[in-house]
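To start, the structure under review is shown below, and the notes come after it.
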Number of protein chains: 2
Amino acid sequence: MATARRVGSATSETRAAILAATEQLLVESGYASVSSRSVAAAAGINPGLVHYYFPTLDDLFVAVFRRGAEKNLDRMARALASPTPFQALWRTSADPRGGALFFELMAAANHRPALRAEVAELAERARRLQIEALRELLPQYGVDGGLFPPEFVAAAIQGIALSLGREEALAMATEHRAAAAAMENLLDHLEQRRHAAPPRRAQGPEARS
Amino acid sequence: MATARRVGSATSETRAAILAATEQLLVESGYASVSSRSVAAAAGINPGLVHYYFPTLDDLFVAVFRRGAEKNLDRMARALASPTPFQALWRTSADPRGGALFFELMAAANHRPALRAEVAELAERARRLQIEALRELLPQYGVDGGLFPPEFVAAAIQGIALSLGREEALAMATEHRAAAAAMENLLDHLEQRRHAAPPRRAQGPEARS
DNA sequence: GTGTCGCTTGAACGGCTGTTCAACGACGGC
DNA sequence: GCCGTCGTTGAACAGCCGTTCAAGCGACAC
């Protein structure tokens with residue numbers, strides 16, 4: 001029976017510094033730049049100490065992911081309960097830093113099975129949360145549930161946010177700004193429609209100008 | 001003046017094998033698993049030979065990207081000129097292998113400036129191509145150009161495709177299948193509407209069931 | 001004072017990395 | 001027959017990697 005290795009306490013300041021440094025490295029330089037030594041340098045500590053708190057790099061990646069995921073789930077739940085849930089959900093999904101972090105962790109999950117399982121599980125939980133909320137919300141917005149089922153709308157919001165975030169990271173030209181503006185405009189329109197008319201028969205998310 | 005290093009001919013069989021092996025590694029194990037030696041092993045050649053054809057790993061990444069990009073631009077142009085351009089554009093964007101490759105190259109571009117410039121330039125060219133075509137197509141589909149400008153539709157198609165591809169790679173449950181099915185259904189609906197009615201006043205992409 | 005515990009350090013292990021380079025066989029031009 | 005080029009090989013360079021481990025540290029219990 002393998003004796004448990006020592007790991008630092010969950011409330012440690014150093015532990016938090018390691019997580020913060022890793023997050024910063026992920027966002028700014030990509031997952032390939034994360035190593036015991038680079039993280040330690042960014043956090044101003046000794047490299048061996050990283051392995052004291054996170055025996056394996058996999059453990060570190062998973063911890064970073066869990067921390068971000070919890071924050072994000074909370075934020076998303078609050079968004080879905082806000083007075084303008086659609087807009088709030090979009091703002092949550094389109095957060096640049098969170099998007100970049102999620103993107104890197106997804107990429108890292110590609111060759112880190114332990115991380116992949118974690119990411120998959122949480123992505124599914126978040127998706128289900130959204131779908132359940134959208135199932136009640138979409139009729140209020142007068143969206144045609146036949147053409148735009150909750151599963152589709154959830155995937156679309158996340159996909160568009162992911163894509164626009166990437167384009168911004170690539171320093172692409174103004175096209176993505178136009179797309180983001182159109183998204184904001186569309187959401188404005190939907191929120192107005194929701195507050196103007198009571199939920200009646202299902203319809204598509206458009207106006208005849 | 002630096003003397004030019006020798007590089008292999010552009011038509012070489014070995015060169016093609018290197019590119020193919022790199023592509024496979026990218027899709028299956030992520031960009032971090034691409035190294036002179038791993039590529040050489042996958043291609044069944046000597047490691048030094050990789051650097052004979054691609055002096056730098058950056059050169060290799062850029063070459064892989066260019067090859068995929070050219071294929072993709074061709075395919076996209078053909079899609080936009082097909083009888084059902086919307087559907088064809090979606091199928092092109094949603095191609096799993098191409099999507100995974102693009103995803104990895106985007107992630108790799110994060111910490112490879114040479115690659116980033118290349119990716120940004122091509123992503124912009126592809127985006128412009130789509131936008132120009134959509135500017136003419138969307139009215140034919142009866143889509144409200146005020147709520148759904150071409151920039152938005154282009155970003156949405158690519159974003160949803162990217163996101164659904166990632167979810168499939170994560171082996172997520174059936175939610176993304178429902179979303180993909182809804183997308184196909186929506187496209188069916190749009191293509192039918194386009195062929196049924198002549199382009200009249202701009203309207204949103206929905207039907208009252 | 002002595003012992004114990006959590007935190008931290010520094011060094012070390014083997015292994016993989018990008019890149020360079022001299023050398024080699026084959027092959028076409030002359 | 002000789003030369004130069006092309007594709008190829010194998011070795012070598014310095015550097016970073018994940019991980020382990022013994023040893024040191026302060027604080028706190030008794």
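Chain identifiers are assigned alphabetically (A, B, ...) following the order of the sequence lines, protein sequences preceding nucleic acid strands; residue numbering begins at 1 within each chain. Every heavy atom of this structure was used, including side-chain atoms; hydrogens, water molecules and symmetry mates were not.
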Nearest whole angstrom, please: distance from the [atom2] of [N] to the [atom1] of [X].
| X | N | atom1 | atom2 | result |
| --- | --- | --- | --- | --- |
| H51(B) | dG18(C) | NE2 | C1' | 5 Å |
| Y53(B) | dT9(D) | OH | P | 10 Å |
| I45(A) | dG6(C) | CD1 | P | 19 Å |
| R112(A) | dG18(D) | CZ | C1' | 10 Å |
| F54(A) | dC17(D) | CZ | C1' | 19 Å |
| R15(A) | dG6(C) | CZ | C1' | 15 Å |

(message) Less than 3.5 Å apart, any donor N or O on the side chain of D188(B) or Q87(B) sitting next to an acceptor on the other?
(response) yes

(request) Measure the shortest side-chain to side-chain distance between D74(B) and R78(B) over non-hydrogen atoms and say whether it is less than 4.5 angstrom. (result)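 SC-SC contact between D74(B) and R78(B) confirmed.
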
(request) For the residue pair M183(A) and L187(A), establish whether any side-chain heavy-atom pair is separated by less than 4.5 Å. (result)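 In contact.
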
(request) Could you tell me whether H111(B) and Y31(B) have their ring centroids closer than 6.0 angstrom? (result) yes

Give each protein N/O atom lying under 3.5 Å from an N/O atom of nucleotides 11-16 of chain D, with the pair distance.
residue	atom	partner	partner atom	Å
dA12(D)	N6	R37(B)	NH2	3.3

Under 4.0 Å: is that the gap between some side-chain N or O of [X] and OP1 or OP2 of [N]?
| X | N | result |
| --- | --- | --- |
| Y52(A) | dC7(C) | yes |
| T14(A) | dT8(C) | yes |
| N46(B) | dT8(D) | no |

(request) State which of dG18(D), dG7(D), dT19(C) makes the closest approach to the side chain of L57(B). (result) dT19(C)

(request) Start with the C-alpha gap between F61(B) and F54(B), add the side-chain angles, then the distance that decides, and say whether ring-ring contact (aromatic ring centres under 6.0 Å, His included) holds. (result) CA-CA 9 Å; F61(B) 274 103; F54(B) 307 95; over 10 Å; no

(request) Please work out whether the ring planes of F65(B) and F102(B) are parallel, tilted or perpendicular, with thresholds of 30° and 60°. (result)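 If you compare the ring of F65(B) with that of F102(B), the planes turn out parallel.
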
(message) Categorize L49(B) for me: base, sugar-phosphate, or nothing, with a 4.0 angstrom heavy-atom threshold over every strand shown.
(response)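 Base: the residue L49(B), judged by heavy atoms under 4.0 Å, touches a nucleobase.
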
(request) Could you check whether V34(A) gets within reach of a base, just the sugar-phosphate, or nothing at all, counting any heavy atom under 4.0 Å? (result)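 Sugar-phosphate contact only.
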
(message) Could you check whether R194(B) makes a cation-pi contact with F86(B), meaning its NZ or CZ is under 6.0 Å from the centre of the six-membered ring and within 45° of the ring axis?
(response)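 The answer is no; the distance or angle limit is not met.
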
